[in-house]
Amino acid sequence: MTPWQQIENNLSETLGERITLSRPDSVSGGCINQAYRAQSAQQKFFIKMNDETGLEMFEAEAEGLNALGKADGLRIPKPICSGMAEGHAWLVMEDLQIGSTGNQAALGEGLAAMHRITADKFGWHRDNTIGATPQINQQETDWVHFWQEHRLGYQLQLAIRRGAGSKLQAMGEQLLDALPKILADHSPQASLLHGDLWSGNYAFTQKAEPTIFDPAVYYGDREADLAMTELFGGFGSEFYAAYENAWPLDKGYSSRKKLYNLYHVLNHYNLFGGGYLSQAKGVMTSLLREV
């Protein structure tokens, strides 16, 4: 049985009716998975596919989408089924009809509402991925310890193994030791986070509903989500004004956002190499000067 036949069977079983898919159309833009759109007589589907090692990643993504779906004000694609056949893993979601423009203020308000969903501990009940990198979500009650061990410390270990060099290692160790001081007097709630909120992971539907997708969900400091929106640009001033009006940021965010974005810069170095190493060193130098 081919993967596409198995997908049809899984959809039929999940939805309780016989599903026959049209020939899938390839969707460009993904650097980790292959993506396709297909439809039945009943509805349209968005399908991600990878090799068999991607099944756990897809299962975690589906759980993340279900968690985000509890938030008001954001349209989250609903996962339908996942599975594996003949060395291929997949995740099938509803295909949101994406438009070209939307209300940035509504996106900001929706994100603030999502961040109001909180937990007792930082992390999540399972690990997932940030890009193709494992993301460790071991639950902790202390935010500083969580960021030391499972975010910054983990990415630094990967960077050293990749050959980042002794200078980055020394700066990293110094920065890890300084985290209690950098995060002093900051006691964030454990908010539900998207976890990978750059401009490629939000859009608006044809009904102008703000939507976010491709999550790396965990519970953490809401500023970590906001920080990443600034890392690569693509979010409008109305977005930030609406978020700030809905839930003002704490004093010191301008410094902490560099710390939170360092996680993603290091991850990009670990994934792609290149100039991300010098960028990481620059961020670390700036943070250490402020200590």
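Quick note: residue numbers are just sequence positions, from 1.
When atom types are taken as modelled, the side chain of S40 and the backbone of Q43 share a donor-acceptor pair closer than 3.5 angstrom. Formation of a donor-acceptor pair under 3.5 Å by the E244 side chain with backbone atoms of L249 is found in this model. Formation of a donor-acceptor pair under 3.5 Å by the T229 side chain with backbone atoms of L226 is found in this model. At least one donor-acceptor pair closer than 3.5 Å links the side chain of N261 to the backbone N or O of A227. The main-chain N or O of A216 is found under 3.5 Å from a side-chain atom of Q135 such that the two form a donor-acceptor pair.
Partner of K258 under the salt bridge (Lys or Arg N to Asp or Glu O under 4.0 Å) criterion, out of E230, E223, E290: E290 alone. Y202 pairs in a ring pair (Phe, Tyr, Trp, His ring centres under 6.0 Å) with only one of the listed residues (F235, F239, F213), which is F235.
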May I have the step-by-step check of side-chain hydrogen bond (donor to acceptor under 3.5 Å, both in side chains) for N10 and Q6, ending in yes or no? CA-CA 6 Å; N10 282 13; Q6 187 61 54; 2.8 Å; yes
Could you please spell out the steps behind the side-chain hydrogen bond (donor to acceptor under 3.5 Å, both in side chains) verdict for E63 and H125? CA-CA 10 Å; E63 286 197 46; H125 67 277; 2.5 Å; yes
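Ring planes of W143 and Y218: parallel class, angle under 30° (limits at 30 and 60°).
Remark: K48 engages D214 in a salt bridge, criterion side-chain N to carboxylate O under 4.0 Å.
The aromatic ring centroids of Y36 and W4 lie less than 6.0 Å from each other. Residues W147 and F122 keep their aromatic ring centres 6.0 Å or farther apart.
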Solution key, residues 107-116 side-chain donor-acceptor pairs under 3.5 Å, sequence neighbours excluded:
residue : atom : partner : partner atom : Å
H115    : ND1  : Y243    : OH           : 2.8
H115    : NE2  : D225    : OD2          : 2.9
R116    : NH2  : A246    : O            : 3.3

